[in-house]
Protein chains: 2
Amino acid sequence: MARSASALRGQILESALRLFAVHGFRGTSLQDIASDVGCSKASLLYHFAGKEKILTELLTPAQDALATLLDRVAGLEGGRLVEETVVGYVDLTLRFRREIRLLFEDITEMSCHQDLNVMELADGLLDALAGRSQHPPARVAAWMVLGAVFITSATDDEVAPDEVLRAEMIRSALRALDHTPS
Amino acid sequence: MARSASALRGQILESALRLFAVHGFRGTSLQDIASDVGCSKASLLYHFAGKEKILTELLTPAQDALATLLDRVAGLEGGRLVEETVVGYVDLTLRFRREIRLLFEDITEMSCHQDLNVMELADGLLDALAGRSQHPPARVAAWMVLGAVFITSATDDEVAPDEVLRAEMIRSALRALDHTPS
DNA sequence: ACGATAACTGTCCGATCGGTCAGGACTGAC
DNA sequence: GTCAGTCCTGACCGATCGGACAGTTATCGT
């Protein structure tokens with residue numbers, strides 16, 4: 001049942017991306033992918049040198065797109081630089097949504113599982129950050145701040161002294177929320 | 001060698017937090033923790049019902065702190081609500097830095113490993129978002145935007161239609177960067 | 001001193017997973 | 001037809017991991 005010119009390869013990548021995005025990379029076994037595709041596990045390893053190579057091939061387009069963006073803005077400066085970078089970065093993340101999701105699935109699973117109910121609390125936090133507003137723009141901004149603070153706090157300490165880090169995180173977050181200081 | 005009142009429990013939690021923060025939850029085996037503490041793997045399972053229970057106990061204080069924060073701002077509204085929530089959330093993430101890091105370690109490891117060099121590109125992106133500035137405030141804001149867009153793009157589609165999501169992500173990001181539109 | 005309880009450990013087990021390998025099946029060139 | 005090369009598979013392997021359990025050691029109340 002040898003398929004033409006390894007159409008199987010494409011199916012493997014597609015199944016892998018979908019399963020990775022749902023159960024995470026580590027949470028998806030080669031057998032899971034093989035079952036989803038409808039082939040044997042050995043077949044995966046015929047087309048790809050290893051499990052990680054599948055992930056690599058899945059993430060490479062996004063990496064290349066990012067590299068292209070950086071090249072494009074390399075000559076810019078000032079306002080144009082920031083503007084083009086932001087727009088380009090946003091478009092890029094939207095285009096590679098599933099790829100980004102797969103990176104996060106491990107966190108989601110870890111937070112949801114067990115006795116913890118972090119997700120419920122995250123909803124409450126989102127609500128408060130949005131000022132109890134249900135307007136999509138406010139909700140999006142709330143998500144932005146949630147993610148921004150979360151990731152920035154995990155940053156290397158050397159980025160900025162703790163006091164600067166704290167003050168600037170607060171100011172930047174309030175700006176993102178379009179909050180006019182009272 | 002029965003230690004007094006299970007001082008071992010505390011050491012286990014401390015070692016686990018440190019190892020989880022470095023190698024991730026899945027990347028740290030019970031044996032790793034046991035070796036680090038200097039006891040047997042069976043001893044871990046005497047004090048904790050399972051590996052996940054260790055994680056639970058590690059994450060519970062942060063969860064409780066978040067719940068407390070939400071309680072505190074429950075009665076507020078308007079500007080005060082947003083302000084207090086942001087400050088409280090920032091302080092909270094800073095206080096539980098290591099706990100948050102452990103959630104991210106899997107991503108970091110996945111991005112660094114293999115042939116991908118995402119981290120290098122992330123540096124370039126950070127540079128551009130900061131407008132090539134090396135000032136800590138600008139760097140922090142750049143980190144904020146990097147994380148904000150990254151996480152928001154992984155959000156459920158139902159938060160906002162794609163067009164709204166895109167437009168608002170861009171506007172919010174530019175505000176966070178204190179960018180005055182040209 | 002001694003029994004009871006808590007603290008701790010060595011050893012074993014089942015399951016899972018990534019990966020290897022020899023060989024079968026199909027295809028196209030000659 | 002046949003030969004070579006590509007595609008694919010079942011069976012197997014070694015390693016790892018979380019966990020179970022019986023048994024040992026230390027602690028403490030009496």
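In what follows, every chain begins at residue 1, and chains take the letters A, B, ... in the order their sequences are listed.
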Check your understanding: Does Tyr89(B) have its ring centroid less than 6.0 Å away from the ring centroid of Phe150(A)?
Key ->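 No - the distance between ring centres of Tyr89(B) and Phe150(A) does not fall below the 6.0 Å cut-off.
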Please state how far atom [atom1] in [X] lies from atom [atom2] in [N], giving the value in whole angstrom units.
{"X": "Ile54(A)", "N": "dG18(C)", "atom1": "CD1", "atom2": "P", "answer": "9 Å"}
{"X": "Gln11(A)", "N": "dC8(D)", "atom1": "CD", "atom2": "C1'", "answer": "14 Å"}
{"X": "Leu45(A)", "N": "dC7(D)", "atom1": "CG", "atom2": "P", "answer": "15 Å"}
{"X": "Tyr46(B)", "N": "dT11(C)", "atom1": "OH", "atom2": "C1'", "answer": "19 Å"}
{"X": "Leu44(B)", "N": "dG18(D)", "atom1": "CG", "atom2": "P", "answer": "10 Å"}
{"X": "Ile33(A)", "N": "dC17(C)", "atom1": "CD1", "atom2": "C1'", "answer": "12 Å"}
{"X": "Glu52(A)", "N": "dG18(C)", "atom1": "CD", "atom2": "P", "answer": "11 Å"}
{"X": "Leu55(A)", "N": "dG18(C)", "atom1": "CG", "atom2": "C1'", "answer": "15 Å"}

Exercise for review: May I have the step-by-step check of salt bridge (Lys or Arg N to Asp or Glu O under 4.0 Å) for Glu105(A) and Arg98(A), ending in yes or no?
Suggested key: CA-CA 10 Å; Glu105(A) 199 46 41; Arg98(A) 293 202 297 176; over 6 Å; no
With sequence neighbours excluded, tell me which residues meet salt bridge (Lys or Arg N to Asp or Glu O under 4.0 Å) with [X].
{"X": "Asp162(A)", "value": "Arg97(B)"}
{"X": "Asp123(B)", "value": "none"}
{"X": "Asp32(A)", "value": "none"}
{"X": "Glu99(B)", "value": "none"}

Exercise for review: Would you tell me if any nitrogen or oxygen in the side chain of His47(B) comes within less than 4.0 Å of OP1 or OP2 on dA6(C)?
Suggested key: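 No, no such contact exists.
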Exercise for review: Please check the phosphate of dC8(C) (OP1 and OP2 only) for any side-chain N or O of Ser40(B) closer than 4.0 Å.
Suggested key: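 So the side-chain polar atoms of Ser40(B) never come under 4.0 Å of the phosphate oxygens OP1 or OP2 of dC8(C).
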Practice item. Ignoring the backbone of Cys39(B), work out which of dG19(C), dT9(D), dT9(C) is nearest its side chain. Key: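 Comparing dG19(C), dT9(D), dT9(C) against the side chain of Cys39(B), the answer is dT9(C).
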Exercise for review: Among the candidates dC8(C), dT20(C), dC8(D), find the nucleotide nearest to the side-chain atoms of Leu8(B).
Suggested key: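 Closest nucleotide to the Leu8(B) side chain: dC8(C).
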Just the atom pairs and distances: protein N or O near nucleotides 11-16 of chain D's N or O, under 3.5 Å.
none

**Study point:** Partner set under side-chain contact (heavy atoms from CB on, under 4.5 Å) for Ala176(A), not counting sequence neighbours
**Key:**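 Residues passing side-chain contact (heavy atoms from CB on, under 4.5 Å) with Ala176(A): Val145(A), Ser172(B), Ala176(B).
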Practice item. Would you indicate what Leu30(A) reaches in the nucleic acid, counting non-hydrogen atoms under 4.0 angstrom: base, sugar-phosphate, or nothing? Key: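 Touches sugar-phosphate only.
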